[in-house]
Amino acid sequence: AGDSAGEKIALDLIGSILHIFYSLNCVNLPEFFEDSMKDWMAYFKSFLEFKGVSECSIKCKTRIIKSITLYCDKYAPDFKDYLFPFFNLIWIQVGLLTMTCE
């Protein structure tokens with residue numbers, strides 16, 4: 001299904017924010033993101049719970065999963081309390097994509 005023009009613009013902006021988030025966190029964990037990790041993870045969780053499977057939403061969800069993977073790999077001690085809720089959400093996303101591709 002296609003996105004409306006407004007949805008596409010909003011999702012493109014969210015995708016850009018997610019790309020910037022990853023870029024700022026890939027070398028080290030800036031204090032700002034460490035201090036606001038709870039908020040960022042809540043936003044990520046909410047977006048992954050969104051049931052949309054449009055091309056733009058899939059790109060955003062992919063970027064979120066990439067950031068979660070980065071945090072698992074590089075910042076496990078700081079991230080461990082947030083990890084478990086993402087397991088189920090990511091599994092659901094894989095299932096949605098599988099059903100969409102069939």
Side-chain angles (χ1 to χ4, degrees):
D3 296 322
S4 73
E7 287 175 292
K8 183 172 180 354
I9 291 169
L11 290 170
D12 283 344
L13 290 171
I14 292 169
S16 295
I17 291 167
L18 293 168
H19 179 73
I20 293 167
F21 176 90
Y22 183 87
S23 296
L24 291 172
N25 284 272
C26 67
V27 175
N28 63 13
L29 182 58
E31 185 177 342
F32 170 80
F33 292 109
E34 185 176 1
D35 293 344
S36 60
M37 188 181 302
K38 181 178 181 179
D39 297 325
W40 281 98
M41 296 308 130
Y43 299 139
F44 288 176
K45 184 177 178 289
S46 294
F47 199 91
L48 288 176
E49 290 170 339
F50 174 67
K51 300 291 188 225
V53 289
S54 68
E55 181 180 346
C56 290
S57 68
I58 290 170
K59 286 180 183 178
C60 289
K61 290 176 183 183
T62 301
R63 287 189 171 156
I64 289 170
I65 293 169
K66 185 177 177 181
S67 292
I68 291 167
T69 303
L70 172 73
Y71 269 59
C72 287
D73 290 344
K74 292 190 75 163
Y75 313 119
D78 297 310
F79 186 67
K80 69 179 187 275
D81 294 335
Y82 303 98
L83 183 59
F84 186 74
F86 285 110
F87 284 141
N88 190 40
L89 287 171
I90 292 171
W91 188 252
I92 290 169
Q93 294 305 312
V94 170
L96 288 172
L97 287 175
T98 302
M99 291 183 340
T100 302
C101 293
E102 291 178 345

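Quick note: numbers below take in every heavy atom, side chains included, and nothing from hydrogens, waters or symmetry partners.
One distance of note links NZ of K8 with CG of L13; it measures 10.0 Å at 0.5 Å rounding. The CD1 atom of I68 lies 4.0 Å from the CZ atom of F86; values are rounded to the nearest 0.5 Å. For the atom pair CZ (R63) and CD1 (I17), the distance works out to 11.0 Å, reported to the nearest 0.5 Å. Interatomic distance, CE of M41 versus OG of S36, reported as 8.5 Å (0.5 Å rounding). A distance of 9.5 Å separates NZ in K59 from OG1 in T62, rounded to the nearest 0.5 Å. Taken to the nearest 0.5 Å, the NZ atom of K74 stands 9.0 Å off from the CG atom of N25.
Residue F32 is grouped with residue F44 when hydrophobic side chains (ILVMFWY) are merged at heavy-atom distances under 4.5 angstrom, including chains of intermediate members. A continuous path of hydrophobic side-chain contacts links F79 to F84 [ILVMFWY only; heavy atoms under 4.5 Å]. By the criterion of side-chain heavy atoms lying less than 4.5 angstrom apart, applied directly or through intervening Ile, Leu, Val, Met, Phe, Trp or Tyr residues, L48 is not grouped with W91; the two fall into different hydrophobic clusters.
The minimum heavy-atom distance linking L18 with S67 is given by the pair O-OG, 4.4 Å. Between L11 and C60, the shortest heavy-atom distance links the atoms O-SG, 3.2 Å. The two residues I90 and I65 make their nearest non-hydrogen contact at CG1-CG1, 4.0 Å. Heavy atoms only, all atoms of each residue included: F47 and S57 are closest at CE2-O, 3.9 Å. Across L29 and Y75, no two heavy atoms sit closer than the pair N-OH, 3.3 Å.
Put simply, the side chain of K45 never gets that close to the backbone of L89: no donor and acceptor are under 3.5 Å apart. Between the Y22 side chain and the I64 main chain, no donor and acceptor come within less than 3.5 Å of each other. Y82 contributes no side-chain N or O that, together with a main-chain N or O of M37, makes up a donor-acceptor pair within less than 3.5 Å.
In the displayed structure, E49 atom CD is contacted under 6.0 Å by more than 12 heavy atoms of other residues, nucleotides or ligands.
Taking the six-membered ring where the residue is Trp, Y71 and F21 present parallel rings, their angle staying beneath 30° rather than reaching 60°. Aromatic ring pairs are classed by plane angle as parallel below 30°, tilted from 30° to 60° and perpendicular above 60°; the pair Y43 and W40 is perpendicular.
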